Amino acid sequence: MKDVLLLVGAGQIGMAIARRIGFDKKIIIGDKNLVNAKKIADIMYNAGCKMG
């Protein structure tokens, strides 16, 4: 079983925090604007984060 980090409100500050504390965790991103969530997810995925 993996630890999970939930990022709600996909913005630059949230992304920075999630990248810092989300090491070796599965990260789930939620935002009321789907375009923002997908954009942040793509950036984090390309940086090597594990997305859920």
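Hydrogens, waters and symmetry mates are skipped; everything else that's a heavy atom, side chains included, is used. Computed from a predicted structure; not experimentally measured.
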May I have the list of side-chain donor-acceptor pairs in residues 40-48 shorter than 3.5 Å, sequence neighbours left out?
from: Asn46; atom 1: ND2; to: Asp42; atom 2: O; distance (Å): 3.1

Show me the donor-acceptor pairs within less than 3.5 Å that the side chains of residues 27-37 make with the rest of the protein, sequence neighbours left out.
from: Asp31; atom 1: OD1; to: Asn33; atom 2: N; distance (Å): 2.8
from: Asp31; atom 1: OD2; to: Ala10; atom 2: N; distance (Å): 2.6
from: Asn33; atom 1: OD1; to: Val35; atom 2: N; distance (Å): 3.0

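Here Lys26 contributes atom NZ and Cys49 contributes atom SG; the two are 12.5 Å apart, rounded to the nearest 0.5 Å.
In this structure Ile21 satisfies the side chain to side chain contact (heavy atoms under 4.5 Å, CB included) test together with Leu5, Ile17, sequence neighbours excluded.
Pairs of residues two or more places apart, or lying in two chains, that qualify as side-chain hydrogen bond (donor to acceptor under 3.5 Å, both in side chains) and include a residue from residues 8-25 are Lys2-Asp24, Asp24-Lys50.
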